[in-house]
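What follows is a short report on a single structure.
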Amino acid sequence: MPQWLCNQLMRAFQKKDSRQIKLLNDCWYFYRSKQNHGESEKLNRL
């Protein structure tokens, strides 16, 4: 997880900002899906 995202998540949890936590969680899963998709494309090229 990128450090900037980790910092924002910690801040959101400390403030108990559930809306921000959900948004950041969605960002993380979107980021992960893009990373996994890129890796699978690399494997398909080999």
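Annotation: ring-ring contact (aromatic ring centres under 6.0 Å, His included) contacts involving residues 9-29, sequence neighbours excluded, comprise Trp28-Tyr31. Applying the side-chain hydrogen bond (donor to acceptor under 3.5 Å, both in side chains) test to pairs two or more places apart or on separate chains, none has a residue in residues 10-19.
Shown here are the side chain to side chain donor-acceptor pair (under 3.5 Å) partners of Gln3, two or more places apart in sequence or in another chain: Asn7.
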Contacts table for residues 20-27: side-chain donor-acceptor under 3.5 angstrom, sequence neighbours left out:
none

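If you chain together hydrophobic residues whose side chains sit under 4.5 Å apart, Leu9 and Trp4 fall into the same group.
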